[in-house]
Protein chains: 2
Amino acid sequence: MIGQVEQTRMPRRRDAIERHDRLVAAAQQEFAVRGVNASLEAIARDAGVAIGTLYRHFPTRMDLLLAAFEPRLQEFLEGAKLSIEIADPWEGFVSYLENLFRVQAGDRGFNDFLSRRFPGNAETERIHDQMCLHIASVLTRAQKAGQARSDIRLADIVNLIWSNGRMIDATGTTAPNEWRRHLYLMLDAYRAERAHPLPEPPMTDEQLYDAMVHLGNAD
Amino acid sequence: MIGQVEQTRMPRRRDAIERHDRLVAAAQQEFAVRGVNASLEAIARDAGVAIGTLYRHFPTRMDLLLAAFEPRLQEFLEGAKLSIEIADPWEGFVSYLENLFRVQAGDRGFNDFLSRRFPGNAETERIHDQMCLHIASVLTRAQKAGQARSDIRLADIVNLIWSNGRMIDATGTTAPNEWRRHLYLMLDAYRAERAHPLPEPPMTDEQLYDAMVHLGNAD
DNA sequence: GAATAAGGGGAGGTACCCCTCAGGTTTACA
DNA sequence: TGTAAACCTGAGGGGTACCTCCCCTTATTC
């Protein structure tokens, strides 16, 4: 299962549980607005907790990120489940992407999270691996049905996720539904009947991986 | 003329001129690699100059940016001139975008610069205004010829610039020509034939402007 | 070669942010 | 109710970056 985030050991004492929850809530808020690089000190402040307490509960930023993104991941997974049950492969593909982008559009941190990889963290690597497999299978199904053009690959969809992410960064405040326009425009590019030859091969798996890592380092 | 960057008053003394040039060279290097938010202290260091000297020559970051981007702007303009001379409107449109993206791909700072607006700076506002007009006219020409779909607008092309920018950020090191694949994929979405209806209206001019400003604030 | 204006240097103030750790506080449990 | 373990706090060390300002240096000009 993709979204099964390993539980951070829950604290035992009542006050600790309460602080833990306040931290997660503050983190969700801050990450959603400012992205995965939100200030941890600001999160602690919002939670009304000292910075040391934040570190006691979540020793690394990634621990806090995973706790904060748990609901987003579930939200995505529920939508994805509905999508793959759709009989028509193209409709399923469209629905899958629309669901993904909707979740992505609602949370800047999750948006960042989707676009990157964090090598060295087994937890996130597993989630990303599974998502890639999932996306690839939805795409392949639409290709086998002759509805999606046959020359696109997972890497092109990841690129779409990047594009969408950037669009959301830009328009999130100003034109919050604009991402749907962009998606449907791109869908016209993906239809089999509109395909023209492409000048460059798709990225290899390795190139794709490196590119996702690079997005994280660059900031 | 788009690219006519106002000369920063050239310094008078020989040593000052030399430092000025070293600063511009270092800035081009740093901005190209790290984007418009490159550290000014690093630029001064690279140029072998004290930070105070940098500020004497370029009181604001934007002054230095404009000096550094001058050649990029010229490079773009020369290519653009060739593009609009192409007889076939669609070919001209494609060539225009390909030229723009090539320049964008070569310089991360210029990439940032293209995607944003800097309100309050008359110089850059003028450049951006002119570029928008220019892009719109190339697009309109291809639409009047019935080659580009009629329901796309300048805002959609700016979105393409954003998308391309993000792709370059991700793949610049790993797969440096991948942006061409993405462009040609998008071109299939822009062709008039068999266009499918879009679910959202294009951004208004104001929304577009705000979105470009927002990208700058967010970082 | 002296006077002077232009230019250069860089320490230091401000503001973030990350993360640790010693010492004080509170809960839970017997 | 007393004690031990769990927990909390926040000052503080380390880092980065922005920008200013005063004093010193140097090119130019006569």
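Chain naming here is simple, since letters A, B, ... match the order of the sequence lines and numbering starts at 1 in each.
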Give me the atom names and distance for the closest heavy-atom approach of A:Glu75 to A:Asn99. O-OD1, 4.3 Å
Of all the heavy-atom pairs spanning A:Leu215 and A:Ser115, show the shortest one and how long it is.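 Reported closest heavy-atom pair: CD1-O, 3.7 Å.
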In this structure, how many angstroms lie between the [atom2] atom of [N] and the [atom1] atom of [X], rounded?
X: B:Arg34; N: D:dT16; atom1: CZ; atom2: C1'; result: 13 Å
X: B:Asp21; N: C:dG7; atom1: CG; atom2: P; result: 14 Å
X: A:Arg61; N: C:dT20; atom1: CZ; atom2: P; result: 13 Å
X: A:Leu54; N: C:dC17; atom1: CG; atom2: P; result: 13 Å
X: A:Leu23; N: D:dC7; atom1: CG; atom2: C1'; result: 13 Å
X: A:Ile17; N: C:dT26; atom1: CD1; atom2: P; result: 18 Å
X: B:Glu30; N: D:dA17; atom1: CD; atom2: C1'; result: 13 Å
X: B:Glu18; N: C:dG7; atom1: CD; atom2: P; result: 14 Å

Using salt bridge (charged side-chain N to carboxylate O under 4.0 Å, His left out) as the criterion, list what pairs up with A:Asp169, not counting sequence neighbours.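 Per chain and number, A:Asp169 pairs via salt bridge (charged side-chain N to carboxylate O under 4.0 Å, His left out) with A:Arg108, B:Arg166.
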Between A:Tyr55 and B:Arg19, which residue's closest nucleotide on DNA chain C lies nearer the 5′ terminus?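 The residue mapped nearer the 5' terminus is B:Arg19.
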side-chain N/O A:Thr53 vs D:dT9 OP1/OP2, d < 4.0 Å: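 Yes, within the criterion.
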Give a yes/no answer on whether the side chain of B:His57 brings an N or O atom under 4.0 Å of OP1 or OP2 in C:dG8.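 Checking C:dG8 against B:His57, a side-chain N or O does come within under 4.0 Å of OP1 or OP2.
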Interface with DNA chain D, restricted to residues 38-45 of chain B and to heavy atoms under 4.0 Å: B:Ala38, B:Ser39, B:Leu40, B:Glu41
Do any side-chain atoms of residues 136-143 of chain B form donor-acceptor pairs under 3.5 angstrom with protein atoms, and if so which ones, sequence neighbours left out?
from     : atom 1 : to       : atom 2 : distance (Å)
B:Ser137 : OG     : B:His134 : O      : 3.0
B:Thr140 : OG1    : B:Ala136 : O      : 2.6
B:Arg141 : NH2    : B:Ile86  : O      : 2.8
B:Arg141 : NH2    : B:Ala87  : O      : 2.8
B:Gln143 : NE2    : B:Arg149 : O      : 2.8
B:Gln143 : NE2    : B:Ile152 : O      : 2.9

Please determine, for the side chain of [X], which listed nucleotide ([options]) has the closest atom?
X: B:Ala50; options: D:dT20, C:dG10, D:dT9; result: C:dG10
X: A:Ile51; options: D:dT9, D:dG10, D:dC8; result: D:dG10
X: A:Arg56; options: C:dC18, C:dG9, D:dC7; result: D:dC7

Contact letters for nucleotides 23-28 of chain D, in which S counts primed atoms plus P, OP1 and OP2 and B counts the base, heavy atoms under 4.0 Å: ---BSS
Partner residues of A:Tyr209 under the side chain to side chain donor-acceptor pair (under 3.5 Å) criterion, sequence neighbours left out: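 Partners of A:Tyr209 by the side chain to side chain donor-acceptor pair (under 3.5 Å) criterion, ordered by chain and then number, come out as A:Glu125.
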Of all residues at least two apart in sequence or in a different chain, which pass the side chain to side chain donor-acceptor pair (under 3.5 Å) check with B:Gln28?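 Result, side chain to side chain donor-acceptor pair (under 3.5 Å) vs B:Gln28: none returned.
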Report the residue from A:Arg102, A:Arg34, A:Arg72 that forms a salt bridge (charged side-chain N to carboxylate O under 4.0 Å, His left out) with A:Asp107.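 Running salt bridge (charged side-chain N to carboxylate O under 4.0 Å, His left out) over A:Arg102, A:Arg34, A:Arg72 with A:Asp107 returns exactly one hit, A:Arg72.
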Check the angle between the aromatic planes of B:Tyr190 and B:Phe93 and answer parallel, tilted or perpendicular using the 30° and 60° thresholds. tilted
Only one of A:Thr174, A:Thr173, A:Thr171 passes side-chain contact (heavy atoms from CB on, under 4.5 Å) with B:Asp210; say which it is. A:Thr174
